Asks: 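Handing you this structure, nothing more for now.
Lettering follows sequence order; numbering is per chain, from 1. In this text the structure is predicted, and so the values were computed from the model without any measurement.
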Amino acid sequence: MPEDGYQWKKYGQKFIKNIQKIRSYFRCRDKRCCAKKKVEWHPGDPSLRIVYDGAHQHGSPSSTGGQGAGDGEGVGNRYELSAQYFGGPPRSD
DNA sequence: AGCCTTTGACCAGCG
DNA sequence: TCGCTGGTCAAAGGC
């Protein structure tokens with residue numbers, strides 16, 4: 001599980017036959033945070049795709065601090081979906 | 001004591 | 001209306 005700085009709670013995991021992939025459902029632990037994260041990967045493949053749903057309403061991760069400035073409640077509610085693709089091993093073959 | 005993780009069942013939208 | 005799929009919730013065990 002690639003740490004992105006936030007804390008997530010897994011609340012589900014199912015195999016999507018449509019894409020033949022395993023999908024895990026994660027949710028931000030913060031109660032004032034409706035941010036969600038979905039992770040899917042091929043069975044037997046090291047690469048995985050992380051799809052962020054919603055945004056954090058409590059600002060930035062507790063880690064690497066310092067960024068807490070821009071957070072805020074002023075952030076209002078921005079809804080940005082991001083999809084990060086982790087293709088670990090660059091198999092040259 | 002609190003937190004996390006895992007699995008089954010239920011519900012809702014579609015054809 | 002039924003069956004299927006995708007998504008979410010709940011309970012228990014270990015550190």
Asks: Could you tell me the separation between the NZ atom of A:Lys9 and the C1' atom of C:dA11, rounded to a whole number of Å?
Replies: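 For the pair A:Lys9 NZ and C:dA11 C1', the rounded distance is 13 Å.
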Asks: Whole angstroms only, please: what is the OH-P distance between A:Tyr25 and B:dT7?
Replies: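 Roughly 15 Å, once rounded to whole Å.
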Asks: Distance from A:Lys21 atom NZ to A:Ile16 atom CD1, nearest 0.5 Å?
Replies: 10.0 Å
Asks: Would you mind reading off the distance between A:Asp30 atom CG and B:dC3 atom P, rounded to a whole angstrom?
Replies: 12 Å
Asks: Quick one: A:Lys10 NZ to C:dA11 C1', roughly how many Å, whole number?
Replies: 17 Å
Asks: Kindly indicate whether the side chain of A:Lys36, heavy atoms from C-beta on, has any atom under 4.5 Å from the side chain of A:Arg27.
Replies: yes
Asks: Quickly work out the A:Phe15 CZ to B:dA9 P distance and round it to whole Å.
Replies: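 Between P of B:dA9 and CZ of A:Phe15: 19 Å.
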Asks: Ignoring the backbone of A:Lys36, work out which of C:dT8, C:dT5, B:dT5 is nearest its side chain.
Replies: C:dT8
Asks: Taking only side-chain N and O atoms of A:Gln13, does any of them lie within less than 4.0 angstrom of OP1 or OP2 on B:dT5?
Replies: no
Asks: Side-chain N or O of A:Arg23 less than 4.0 angstrom from OP1 or OP2 on C:dG6?
Replies: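 For C:dG6, OP1/OP2 do not have a side-chain N/O of A:Arg23 under 4.0 Å.
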Asks: Check the distance between B:dC3's P and A:Tyr6's OH and give it to me in whole angstrom.
Replies: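 The answer, rounded to whole Å, is 20 Å.
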Asks: Determine: side-chain N/O of A:Tyr11 to OP1/OP2 of C:dT8, distance under 4.0 Å, yes or no.
Replies: yes
Asks: State whether the side chain of A:Asp4 and the backbone N or O of A:Tyr6 hold a donor-acceptor pair below 3.5 Å, judged by distance alone.
Replies: yes
Asks: Kindly say if A:Lys14 contacts the phosphate of B:dG8, meaning a side-chain N or O under 4.0 Å from OP1 or OP2.
Replies: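 Checking B:dG8 against A:Lys14, no side-chain N or O comes under 4.0 Å of OP1 or OP2.
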Asks: Figure out the NZ/P separation between A:Lys21 and C:dT5, and round it to whole Å.
Replies: 18 Å
Asks: Under 4.0 Å from OP1 or OP2 of C:dC9: is there any side-chain N or O of A:Arg27 that close?
Replies: yes
Asks: Give A:Lys17 one of three labels, base, sugar-phosphate or nothing, depending on what nucleic acid heavy atoms sit under 4.0 Å from its own.
Replies: sugar-phosphate
